[in-house]
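Reviewing the structure listed below.
In this chain, numbering begins with 1 at the start of the sequence shown.
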Amino acid sequence: MNTHRPPSVVREGRGTHVFLWTVFPLLGAGIGWTLSQVPGWLARVPVWVHQLPLVPGEEQTALLARLDGPVLTAVLVVLGILAGGFVALSSYDDMMAVEVAGDGVRVTRSGTTTAFERARVDAAFMDGRELVLLGPDTAELTRERTDHGGERLRAAFEAHGYPWYDGDPHRDEFQRWVDGMPGLEQHSQALLRARQDALKAGDADDGAELREELARLGVVVREEGGRQYWRPVRNGSPSEG
């Protein structure tokens, strides 16, 4: 392996940034302009409409109509542009960059970079829309949701000699979790019960945190259709409690 080969970096292209900083501010400006026209529209509706629920009465409408004008339009459009810019900026929290080099892999999200030395990465693959790295003991090093195409990531990893798989090479080792089943210690059972509740509630953050807790106990977990499946790491021995 040529460790001096330049790193392969997979990140969002320029088109993504142009899209974010064009579409969202323009959309915000459009919403701001639309809101600025509401007082005028309300002033022209029939009298009986003001008697409907959630529709301002005639006095309130007259007050809103006095606010109508170019100043209100300009203010709301500017506020809409700023709101669109905030949404565009917030979108960067969900973006992930992957740098693959001969000496290791670096995954960056929300300004935080996690590095994995080359010797620690024994397998890489996509599980749905998530990039997964496995260590020599088959434990998950990381599992990150990404919009990057699998082919781009495959090319980056294979360019530096990393083993890339079309799917989880240990998929056949997973077994469906049933509460109280043998082969798991009580602590792992409790975490899996809590994680099942988190999955039902749609709490992705809690589910991810519990996955990490299970990983520290030598248990790899995945889910399909709301059901959890687990396997021990190669050198792990989650014993029955």
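Residue Val78 is found in a hydrophobic cluster whose other members, listed by chain and number, are Leu82; membership requires side-chain heavy atoms under 4.5 Å apart, directly or through intermediates.
Here the two rings, on Tyr165 and Phe125, have centers that are 6.0 Å apart or farther.
Arg118 is not listed as a side-chain neighbour of Asp103, based on a closest heavy-atom distance of 4.5 Å or more. At a threshold of 4.5 Å between non-hydrogen side-chain atoms, the residues Val221 and Leu192 count as touching. Counting heavy atoms from C-beta on, the side chains of Glu140 and Leu134 come closer than 4.5 Å. Side-chain contact between Thr142 and Leu131 is absent, with no heavy-atom pair separated by less than 4.5 Å. The shortest side-chain heavy-atom distance between Arg171 and Arg222 falls under the 4.5 Å cut-off. Between Arg195 and Leu199 the shortest side-chain heavy-atom distance falls below 4.5 Å.
At least one donor-acceptor pair under 3.5 Å links the side chain of Tyr162 to the backbone N or O of Gly104. Not one N or O on the side chain of Thr146 forms a donor-acceptor pair closer than 3.5 Å with the backbone of Met96. Remark: side-chain polar atoms of Arg109 are paired, donor with acceptor, to backbone N or O of Arg145 under 3.5 angstrom.
Cluster annotation: Val132 is not connected to Val100 through the hydrophobic network of ILVMFWY side chains, with a link wherever side-chain heavy atoms come within less than 4.5 Å.
Residues Ala156 and Val10 approach most closely at CB-CG2, 3.8 Å, considering heavy atoms. When all heavy atoms are compared, the tightest approach of Ala159 to Ser8 is CB-OG, 4.1 Å. When all heavy atoms are compared, the tightest approach of Thr138 to Pro232 is OG1-O, 4.3 Å.
Once rounded to the nearest 0.5 Å, the distance linking CG of Asp172 with CZ of Arg231 reads 11.0 Å. Separating the OG1 atom in Thr22 from the CG atom in Leu27 is a distance of 12.0 Å, to the nearest 0.5 Å. Taking CG of Leu191 as the start and CD of Glu212 as the end, the distance is 12.0 Å to the nearest 0.5 Å.
At a threshold of 4.0 Å, the pair Arg216-Glu213 counts as salt-bridged, since one of the basic side-chain nitrogens sits closer than that to a carboxylate oxygen. Salt bridge present: Arg211 and Glu223 bring a charged side-chain N and a carboxylate O closer than 4.0 Å.
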Determine all donor-acceptor pairs shorter than 3.5 Å in which one atom belongs to a side chain in residues 174-183; sequence neighbours excluded.
residue: Trp177; atom: NE1; partner: Gln189; partner atom: OE1; Å: 2.8
residue: Asp179; atom: OD1; partner: Arg193; partner atom: NH1; Å: 2.7

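Evaluated for a side-chain contact (heavy atoms from CB on, under 4.5 Å) with Val98, the options Leu133, Val105, Val9, Thr108 yield exactly one hit, Val105.
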